[in-house]
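Below you'll find the structure, written out as structure tokens, and then a few comments.
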Amino acid sequence: MGGIFSCFSHKEEKKKSSKRFTNPPPLNGTSNRWNKIRSSRKDRIEETLIQEQALAAILLQHHQQNGGSNLPFDRSSSLRYPISGSKKQDLPRSSSSRARSITDTLFQPQQLVNQDLKIDDLETNHFVLVHGGGFGAWCWYKTIALLEEGGFKVDAIDLTGSGIHSFDTNNIASLSQYVKPLTDFLEKLGDGKKVILVGHDFGGACISYAMEEFPFKVAKAVFVSAAMLTSGQSTLHMFAQQAGPIDLMRQAQIFLYANGNEYPPTAIDLDKSLLRELLFNQSPAKDVALASVSMRPIPFAPVLEKLSLSDKNYSSVRRFYIETPEDNAIPLPLQQSMINSNPPERVFRLKGSDHSPFFSKPQALHRLLVEISKIPS
């Protein structure tokens with residue numbers, strides 16, 4: 001989403017500290033050139049595996065939706081691709097399960113995973129992925145494949161007027177209407193069942209709304225370069241605080257006026273020629289191509305709406321934040337401002353990630369999500 005055209009005064013919030021994790025620099029004595037070659041080869045191999053896993057999952061879903069017998073399907077090809085160096089459903093071993101402070105040695109995401117806890121022993125192994133403004137459930141395809149390969153249950157939600165949801169974005173009049181597919185999903189969740197909500201971008205405001213409505217159904221909430229608002233704050237207000245006159249988001253925004261130019265905007269579209277620089281500056285070209293034909297306008301009314309968040313409901317849910325330092329849509333200083341105003345339990349950093357880590361750093365994002373799922377009460 002990024003900053004949007006208006007400025008508001010900001011009431012200073014009481015600041016608390018949060019634990020922050022990041023990736024370490026290369027080990028001394030290691031050839032930078034060899035590291036780059038090896039890393040590049042590994043990334044290409046892992047990228048290919050993710051693509052194959054995602055395709056296999058889609059084929060399996062299509063097969064099941066067609067009755068499971070009308071179409072031939074080789075089950076041996078479904079989600080059978082092992083992660084390099086491990087057995088199926090194995091997760092990278094943790095170097096330590098103790099709580100870490102900001103003064104500790106910095107760890108790679110794959111070193112953070114707590115191997116002592118098994119999936120069946122978790123409070124929940126069910127992730128619900130919520131996309132950001134303009135995106136859809138389709139943006140999570142790599143994350144879905146990786147989590148399901150590891151034995152987790154995953155649902156990705158298309159919010160109203162997003163992805164393949166058929167509703168006209170220009171007719172969305174409130175945040176509750178926009179978030180309804182998510183709240184409907186949580187309402188239908190079985191008694192005693194809990195999920196881990198993951199929100200990206202404007203999806204952060206959406207999962208906050210859901211946390212307030214269904215706190216007893218949310219075990220943890222993960223904000224991935226997302227709008228993590230305080231009560232009484234709108235997404236527009238938060239983003240406008242640090243927007244500059246030549247901000248890239250301002251250049252990319254195209255306001256839509258479905259009710260006529262004399263009325264407020266009904267939606268915001270993004271200039272396709274600026275998508276790569278704004279949202280995908282570290283992402284593969286094929287994912288940028290996917291986004292360019294899949295993204296839809298962002299409804300304007302929900303962006304204006306102030307959230308009402310209570311200590312009893314919203315604040316009872318454990319929150320975690322994942323920073324994306326190469327982000328041009330929600331720059332790191334703005335992410336850190338939100339963190340300082342509304343401190344989560346822990347803060348992680350995906351080194352080298354742009355605004356869309358599910359494309360630019362899918363393996364590292366996956367490892368952090370698994371690590372967060374295993375953090376005990």
Side-chain angles (χ1 to χ4, degrees), residues 1-2 124 126-144 147 152 154-163 165 175-176 178-186 189 194-215 217-231 233-236 238-239 279 298-299 302-303 305 307 309 313-324 327 329-330 334-335 338-339 341-348 350 353 355-359 361-362 365-366 368-369 372-373:
M1 277 282 306
T124 180
H126 189 175
F127 281 93
V128 175
L129 310 178
V130 182
H131 62 81
F135 291 86
W138 52 267
C139 72
W140 297 106
Y141 78 97
K142 295 181 183 180
T143 303
I144 293 169
L147 287 171
F152 289 90
V154 189
D155 283 286
I157 306 294
D158 270 325
L159 300 177
T160 305
S162 304
H165 195 284
L175 183 59
S176 62
Y178 181 59
V179 180
K180 193 172 187 303
L182 174 59
T183 52
D184 284 350
F185 177 90
L186 292 174
L189 203 63
K194 289 191 174 185
V195 301
I196 299 174
L197 285 182
V198 181
H200 170 248
D201 185 83
F202 185 37
C206 299
I207 66 172
S208 296
Y209 183 95
M211 291 156 63
E212 179 66 26
E213 294 293 313
F214 299 95
K217 293 189 176 183
V218 184
K220 296 170 182 173
V222 185
F223 293 75
V224 182
S225 182
M228 189 170 65
L229 309 178
T230 57
S231 186
Q233 192 176 34
S234 70
T235 304
L236 173 63
M238 183 273 297
F239 280 127
L279 305 174
I298 305 158
V303 176
E305 189 169 326
L307 284 179
L309 305 173
N313 293 344
Y314 169 82
S315 296
S316 69
V317 180
R318 302 173 68 190
R319 288 180 293 115
F320 303 84
Y321 201 98
I322 297 178
E323 296 176 342
T324 50
D327 197 324
I330 305 182
L334 180 52
Q335 296 176 44
M338 290 186 286
I339 290 166
S341 297
N342 189 17
E345 182 174 324
R346 295 191 187 183
V347 175
F348 299 87
L350 277 178
S353 174
H355 186 61
S356 306
F358 37 75
F359 289 159
K361 292 290 180 180
L365 174 62
H366 162 69
L368 283 185
L369 292 178
I372 290 170
S373 77

Could you list the residues that satisfy side chain to side chain donor-acceptor pair (under 3.5 Å) with Ser162, not counting sequence neighbours?
none
For a side-chain contact (heavy atoms from CB on, under 4.5 Å) check, start with the C-alpha distance between Leu229 and Ser208, then their side-chain angles and the critical distance, and finish with the verdict.
CA-CA 8 Å; Leu229 309 178; Ser208 296; 5.7 Å; no
Applying side chain to side chain donor-acceptor pair (under 3.5 Å), can you list everything that pairs with Lys180, at least two apart in sequence or on another chain?
Asp184
So, Asp327 side chain and Ala329 main chain: donor-acceptor pair closer than 3.5 Å or not?
yes
Please check if any side-chain donor atom of Glu323 sits under 3.5 Å from a side-chain acceptor atom of Ser225, or the reverse.
no
Apply the test side-chain contact (heavy atoms from CB on, under 4.5 Å) to residues Leu197 and Phe214: give CA-CA distance (whole Å), side-chain angles for both, the deciding distance (0.1 Å), then the verdict.
CA-CA 11 Å; Leu197 285 182; Phe214 299 95; over 6 Å; no
Might you work through the side-chain contact (heavy atoms from CB on, under 4.5 Å) test for Phe185 and Ile157, ending with a clear yes or no?
CA-CA 9 Å; Phe185 177 90; Ile157 306 294; 4.1 Å; yes
Answer whether the closest heavy-atom distance between the side chains of Phe348 and Ile372 falls below 4.5 Å.
yes
Do side-chain atoms of Ser356 reach the backbone of Leu279 as a donor and acceptor pair under 3.5 angstrom?
yes
What closest approach, in Å, do Phe202 and Gly133 show between heavy atoms, and which atom pair accounts for it?
CB-N, 3.7 Å
With sequence neighbours excluded, what pairs up with Glu212 under the side chain to side chain donor-acceptor pair (under 3.5 Å) test?
Ser310, Asn313
Phe359 and Cys139, any side-chain heavy atoms less than 4.5 Å apart
yes
Is there a donor-acceptor contact under 3.5 Å linking the side chains of Tyr321 and Asn342?
no
For a quick test of reading the model, state the closest non-hydrogen atom pair linking Leu159 to Val179 and the distance between them.
CD2-CA, 4.3 Å
Report the residues that fulfil side-chain contact (heavy atoms from CB on, under 4.5 Å) with Ala221, sequence neighbours left out, ordered by chain and then residue number.
Ile207, Met211, Phe223, Val317, Arg319
Applying salt bridge (charged side-chain N to carboxylate O under 4.0 Å, His left out), name anything that partners Lys220, two or more places apart in sequence or on another chain.
none
Among residues at least two apart in sequence or on other chains, which ones pass salt bridge (charged side-chain N to carboxylate O under 4.0 Å, His left out) with Lys194?
Glu123
Assess the pair His200 and Phe358: is the distance between their ring centroids shorter than 6.0 Å?
yes
Taking the side chain from Ser234 and the backbone from Glu305, do they hold a donor-acceptor pair closer than 3.5 Å?
no
Keeping the roles fixed (side chain from Lys217, backbone from Leu186), state whether a donor-acceptor pair exists under 3.5 Å.
yes
Sequence neighbours left out, what passes ring pair (Phe, Tyr, Trp, His ring centres under 6.0 Å) with Phe320? Give chain and number order.
none
Have a look at Leu365 and tell me which of Val198, Ile322, Val222 forms a side-chain contact (heavy atoms from CB on, under 4.5 Å) with it.
Ile322
Nearest non-hydrogen partners of Gly132 and Tyr178, listed with the distance:
O-OH, 4.3 Å
Ser315 meets the side chain to side chain donor-acceptor pair (under 3.5 Å) criterion, sequence neighbours left out, with Asp311
With Glu213, which residues qualify under side-chain contact (heavy atoms from CB on, under 4.5 Å), at least two apart?
Tyr209
Nearest non-hydrogen partners of Pro357 and His355, listed with the distance:
CD-O, 3.2 Å
Which residues pass the side-chain contact (heavy atoms from CB on, under 4.5 Å) test with Ala156, not counting sequence neighbours?
Leu129, Ala137, Trp140, Ile144
Show your working on side-chain hydrogen bond (donor to acceptor under 3.5 Å, both in side chains) between Asp155 and His126 and close with a plain yes or no.
CA-CA 8 Å; Asp155 283 286; His126 189 175; 2.7 Å; yes
Specify the closest pair of heavy atoms between Ala226 and Gly199, including all atoms of both residues, with the distance to one decimal.
CB-O, 3.4 Å
OG1 of Thr235 to CG of Leu307, rounded to nearest 0.5 Å, is 6.5 Å
Go through it in stages, so that I can follow the logic: the residues are Thr230 and Leu309, the test is side-chain contact (heavy atoms from CB on, under 4.5 Å), and I'd like the CA-CA distance, side-chain angles, deciding distance and then a yes or no.
CA-CA 7 Å; Thr230 57; Leu309 305 173; over 6 Å; no
Could you state the interatomic distance from CD1 (Ile330) to CG (Asp201), rounded to the nearest 0.5 Å?
4.5 Å
Rounded to the nearest 0.5 Å, what separation is found between the CE atom of Met338 and the CD atom of Gln233?
9.0 Å
